[in-house]
Asker: 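Sharing a structure here in structure tokens format.
So that the names make sense, note that chain A is the first sequence line, chain B the second, and so on, each numbered from 1.
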Amino acid sequence: MIEKGNINTRQYSILSLLFSLGSAILIVPSALTSAAKQDGWIAAIVGVAAGIPLIAFYNALGARHPDKTLIEYTELLLGKWVGKIVGLLFFSYFFLLSALVLRNVGDFITTIVMPETPIQAVHLILLIAIAMGVGLGLEVIARSAEIFLPWVLLLLFFLIVFLFPKIEMDRIQPVFESGIKAILRGSLSVISIPYLELVVFLMIFPYAGKPERRGAAIIKGGLIGGTVLVVITLLCVLVLGWDFASRHTFPSYTLAKKIQIGEFLQRIEVLVAIIWFLTIFFKLVLCFYASLLGLAQLLKMNSYRPLIVPCAMIVLIVSIVVYPNIVYFRIFASEIWPFYALTMGFLLPLLVWIASMIRSTGDTASKSRPRA
Amino acid sequence: MVSFLYPFKKLLKKGLGPRGSRGPESDGANRPGPLPRSLDDTLRIVKEALGGSPDLVIRRISMMINRRPHQTAIVYIDGLADPKELLESLLADSGDMQANLKSAGDVEPLRLIRQYLLKVGQVNGVSDLGTLYHAILSGDTCILLDGASEAIAAGTGSAKDRNITEPASQAVLRGPREGFAETLRTNTALIRRKIKNPNLWMETRRIGDVTKTDVAIMYIKGIVNDKTVNEVRQRLDRIRIDSILESGYIEELIQDETYTPFPTIFNTERPDAVAGGLLEGRIAILVDGTPFVLVVPALFTHFLQTPEDYYQRADISSFLRILRYVCLFIALFGPAAYIAVTTFHQEMIPTPLLLSVIAAREGIPFPAFVEAFLMEITFEILREAGVRMPRTVGQAVSIVGALVIGQSAVEAGLVGPAMVIVVSITAISNFVIPSYNMGISIRMIRFPFMILAATFGLYGILIGSIVMVLHLCSLRSFGVPYMAPFAPFIVEDQKDNIFRLPRWAMVTRPRYSSDGNPVREKERPPGKPGR
Amino acid sequence: MIWIALIAAACVVRFEYVKLYRRKQFKDLSISACLLGFAMTLFILRSAGVPIPDPLDWISAVYKPASKIILSALS
């Protein structure tokens with residue numbers, strides 16, 4: 001056991017809520033509306049509906065080995081060589097996720113908030129905060145999530161409530177015009193971001209309170225996050241119209257620009273950007289944590305701490321290298337990412353699950369686990 | 001060279017204080033030896049050990065005991081001890097003391113004096129020199145008998161103590177106007193007066209190799225968590241230092257983390273605050289010589305609470321508490337937000353205000369950050385100077401200084417009026433924080449936030465607050481997470497966190513500190529108590 | 001950029017590696033040192049302007065055919 005942390009189930013669901021909101025709320029509405037036009041919100045609902053069984057599947061897998069992380073029992077079940085390779089694939093998934101999420105934040109800040117700042121600087125100070133979070137451990141991350149949650153919820157509430165005056169219901173018409181195929185295509189993006197990425201939570205599954213309550217907690221978080229996604233997409237269609245929403249890279253931010261209270265409270269979208277930023281921070285810290293913990297467990301190290309700075313440096317470089325411009329990213333995110341995420345987030349865990357069933361012994365929680 | 005590197009080497013090992021730099025130990029003053037039987041020898045040794053100090057009073061008396069004269073001497077330090085009654089009882093009853101007792105046979109002289117003669121309450125036997133010195137220096141009068149192996153230390157300490165007045169640093173509008181004084185006994189008595197319960201237990205120790213300061217722990221047995229008491233005992237016993245002059249020394253030596261700007265031990269001058277803490281299951285540490293008492297464990301919320309919250313009505317207290325949290329944010333983020341908004345996010349300011357702000361900043365040669373920094377530093381200088389100045393001069397100078405400097409700076413075009421307003425509001429908000437050490441932490445943390453705001457705008461402030469929250473969540477005070485009950489979120493403790501729910505709802509003690517006895521009182525029907 | 005990398009590397013060596021060495025956890029130390037070396041190489045390459053291969057390109061290459069098939073089925 002490398003991690004001695006212990007978080008309770010409420011913190012677990014808060015983390016899954018923030019994770020699901022993470023970068024999804026920033027990029028997904030655009031993908032949804034460009035695929036399904038004004039039915040983007042229906043595609044979102046379909047995506048969430050498909051995502052919940054996925055989370056349930058993750059729970060089933062995790063519950064078979066309640067005190068081991070994904071990478072630990074992968075190696076156990078699939079044998080030394082295959083297990084290590086699959087584990088490495090998982091690690092690369094988490095690592096790449098971290099780099100991509102970091103790049104999302106950097107793009108967001110340098111495009112919208114501070115265009116004159118070099119993106120490396122933005123990444124750098126964020127990585128310092130991430131490294132600190134990971135270094136302080138899972139408990140501290142969970143507690144910070146508890147402290148920031150009210151702010152995220154409050155700002156979300158303001159965003160939604162203050163946009164009500166700007167809704168025009170006929171922007172949603174005609175309903176179901178795009179047809180089922182387009183809706184399915186749109187829902188792919190919701191499934192891949194964030195639900196296929198929630199496999200990350202299988203790395204912190206063993207540390208999250210009582211085993212029988214973990215499933216409900218993560219489903220709660222994923223469901224609430226999904227609902228917020230649906231609402232935001234709906235608002236994007238209702239307030240901006242599907243055309244604008246699909247053109248903007250970050251339509252939810254544009255939503256915030258529309259807020260106007262009286263004469264004096266306008267253009268406060270930067271405050272609303274805090275929501276996106278905090279949720280992405282927690283998503284990033286969890287992905288990075290999962291990748292470090294996974295690597296440490298793969299290589300049978302005593303602790304993941306020596307890996308923090310070198311991996312952070314690598315993430316920094318990879319995040320810059322990973323795509324040259326936003327167009328590349330949008331194509332990648334809508335065409336390639338869902339399938340890559342499907343393999344990593346569904347097929348590989350399915351493989352592990354099948355192996356677990358074949359071996360037909362799962363560790364039950366009654367076996368005592370050695371504490372580091 | 002060695003002493004230059006020493007503090008850096010020390011920084012690398014987190015410790016409980018400098019280890020045993022055993023100070024002036026070369027003389028025999030600290031090596032306890034047995035009491036010499038001869039009176040003259042003893043007196044000579046004592047005089048030498050105390051360096052022939054003129055306030056050491058030695059009075060030889062010849063007492064008739066068992067129809068024989070015995071040489072005795074009384075030793076005390078003038079100013080610390082008040083042996084009037086003692087001297088009366090020893091001198092007035094001259095003549096044959098045994099005859100006074102009407103008993104046959106010889107009585108051992110020491111026992112006679114000790115059990116029958118002394119008109120003081122606390123009497124101890126002393127058999128070695130170390131204890132003798134400590135007794136004399138604590139204000140006891142020592143009675144030495146020629147040929148006896150023991151001496152008697154009679155408690156006659158009556159060092160003049162300050163009157164009980166309202167503490168200067170922590171005043172309330174409603175509530176007792178008592179503050180601790182400098183004597184340990186007075187302070188423990190003040191607490192005992194508030195909690196007249198036999199379960200209020202006290203333990204003393206002597207800490208500090210040179211100063212030998214008395215330190216007492218108080219707690220309510222049955223409410224407090226025994227593990228925490230053990231932890232406090234262990235940490236106090238581990239202290240190796242030559243002097244304890246103030247509770248701040250102890251605070252630094254027993255706190256959980258040294259590398260944090262946030263205080264993890266609460267200190268107060270008010271007995272009612274300490275009593276409230278004891279009733280919640282916390283532990284008080286009193287140090288002789290200072291009115292500041294430490295209360296442990298201390299969480300973040302405690303530094304934003306005052307005892308007055310419990311004396312006023314619930315709605316007023318809740319409002320004031322929320323106000324304090326708002327002021328916390330203003331004090332922390334005020335200048336940083338101003339810098340960020342005027343440098344990076346001008347679109348957030350409503351247009352009319354923006355025009356006047358820009359117009360005001362037109363002639364100012366400095367960027368917003370330098371302007372803010374200058375004003376903040378000036379204000380800190382004024383504030384510190386105001387604390388040190390003699391009271392007569394202080395008021396005038398600080399008002400004039402602030403007004404004149406502020407006004408002239410604006411008119412000279414060095415700073416903008418908006419900046420002056422921001423700095424003043426920030427400073428005033430800082431004073432709303434009831435606890436001075438938390439206020440200072442906030443003052444210090446303001447500056448890194450300003451730097452972050454100047455380089456990265458609101459994004460920088462966000463990163464800074466994330467780092468700060470991560471740091472806060474990693475702190476523990478004697479094992480309890482510092483940010484409880486915010487995180488981990490304890491539902492039943494929210495009644496006394498940001499709001500203060502009415503009296504009928506305050507049924508349980510805070511969960512972290514009262515494993516022993518969480519329920520304050522038996523079931524009480526809510527609502528008006530008159531029914 | 002590379003200055004920051006150097007400072008970070010120096011901090012790691014000073015704070016983490018000394019601790020690891022004293023605790024004789026040589027495996028951790030060597031793995032971390034390898035990763036650190038790899039990271040420094042990347043930084044140096046980047047500062048020198050050498051183009052670094054992009055993992056997303058590799059992934060796209062692998063999944064492009066599948067993507068084409070499934071997405072055209074959904075159009």
Side-chain angles (χ1 to χ4, degrees), chain A residues 6-8 10-11 14 105-106 108-110 112-117 121-122 124-137 139-151 209 257 261-271 273-278 280-282 284-285, chain B residues 257 259-260 299-301 325 329 333 337 340-355 448-449 451-476 480-491 494 497-498 511:
Chain A
N6 211 337
I7 65 179
N8 61 39
R10 189 192 311 115
Q11 290 168 333
I14 293 178
V105 173
F108 178 59
I109 300 283
T110 46
I112 307 288
V113 181
M114 298 187 300
E116 302 184 13
T117 314
V122 172
L124 183 66
I125 65 168
L126 185 54
L127 267 179
I128 293 178
I130 298 281
M132 183 177 163
V134 173
L136 285 172
E139 275 189 47
V140 175
I141 295 175
R143 281 189 219 146
S144 318
E146 268 188 305
I147 292 195
F148 279 118
L149 181 73
W151 299 101
K257 281 193 190 171
I261 313 170
E263 276 291 329
F264 64 97
L265 215 56
Q266 47 190 328
R267 299 232 50 195
I268 56 167
E269 62 269 10
V270 184
L271 284 183
I274 296 180
I275 309 178
W276 315 152
F277 187 74
L278 284 176
I280 293 193
F281 174 80
F282 281 101
L284 180 51
V285 94
Chain B
E257 294 247 356
Y259 300 123
T260 170
L299 304 180
F300 186 77
T301 45
Y325 276 95
F329 283 110
F333 295 122
V341 168
T342 52
T343 316
F344 290 94
H345 312 289
Q346 296 89 346
E347 72 269 9
M348 285 181 56
I349 313 177
T351 324
L353 183 58
L354 182 63
L355 290 175
F449 270 107
I451 298 178
L452 277 172
T455 41
F456 289 99
L458 273 178
Y459 173 67
I461 298 182
L462 258 180
I463 297 267
S465 29
I466 290 181
V467 168
M468 189 178 79
V469 168
L470 280 174
H471 177 71
L472 280 173
C473 289
S474 70
L475 291 175
R476 283 181 180 264
V480 185
Y482 192 62
M483 294 304 284
F486 290 111
F489 190 79
I490 306 174
V491 183
Q494 294 306 316
N497 196 11
I498 303 189
R511 206 164 59 133

Asker: Is it the case that the side chain of B:Y459 and the backbone of A:V122 share a donor-acceptor pair, with hydrogens and angles ignored and the cut-off at 3.5 Å?
Answerer: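 Flag set: sc B:Y459 to bb A:V122 pair under 3.5 Å.
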Asker: Counting heavy-atom pairs closer than 4.5 Å to chain B, which one of A:I7, A:L136, A:N8, A:I128 comes out on top?
Answerer: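 With the most close heavy-atom pairs to chain B, the winner is A:L136.
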Asker: If you compare all heavy atoms of A:I141 against all heavy atoms of B:L470, which two are closest, and at what distance to 0.1 Å?
Answerer: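 Residues A:I141 and B:L470, closest heavy atoms: CA-CD2, 4.5 Å.
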Asker: Flag the one option from A:R143, A:M132, A:E116 with the top tally of heavy-atom pairs under 4.5 Å to chain B.
Answerer: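 Winner by heavy-atom pair count: A:R143.
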Asker: Please state whether the side chain, the backbone, both or neither of A:A121 comes within less than 4.5 Å of a heavy atom of chain B.
Answerer: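 Interface part for A:A121: both.
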Asker: Output the option from B:G457, B:P481, B:A484 having the highest count of non-hydrogen pairs under 4.5 Å with chain A.
Answerer: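 Highest number of heavy-atom pairs under 4.5 Å: B:P481.
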Asker: Quick one: does B:I463's side chain get under 4.5 Å of A:F277's, heavy atoms only?
Answerer: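 In short, these two side chains touch, coming nearer than 4.5 Å.
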Asker: Under 4.5 Å heavy-atom distance to chain B, tell me which part of A:I109 shows up: side chain, backbone, both or neither.
Answerer: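 Only the side chain of A:I109 comes within 4.5 Å of chain B.
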Asker: With a 4.5 angstrom heavy-atom cut-off, could you sort out which part of B:L458 is near chain A: side chain, backbone, both or neither?
Answerer: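 Side chain only.
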Asker: If you count heavy-atom pairs under 4.5 Å with chain A, which of B:L452, B:V467, B:I466 comes out on top?
Answerer: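 Looking at each of B:L452, B:V467, B:I466 in turn, B:I466 comes out on top.
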Asker: What's the spacing between A:T117 OG1 and B:F344 CZ if we round to 0.5 Å?
Answerer: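 Those atoms lie 5.5 Å apart.
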Asker: Roughly how far apart are A:S144 OG and B:H471 NE2, rounded to 0.5 Å?
Answerer: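 Taking OG in A:S144 and NE2 in B:H471, the distance rounds to 11.5 Å.
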Asker: Indicate yes or no: at least one non-hydrogen side-chain atom of B:L462 is less than 4.5 angstrom from one of A:L278.
Answerer: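 Result yes, sub-4.5 Å side-chain heavy-atom pair found.
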Asker: What part of A:L126 gets within 4.5 angstrom of chain B, counting heavy atoms only: side chain, backbone, both, or neither?
Answerer: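 Both backbone and side chain.
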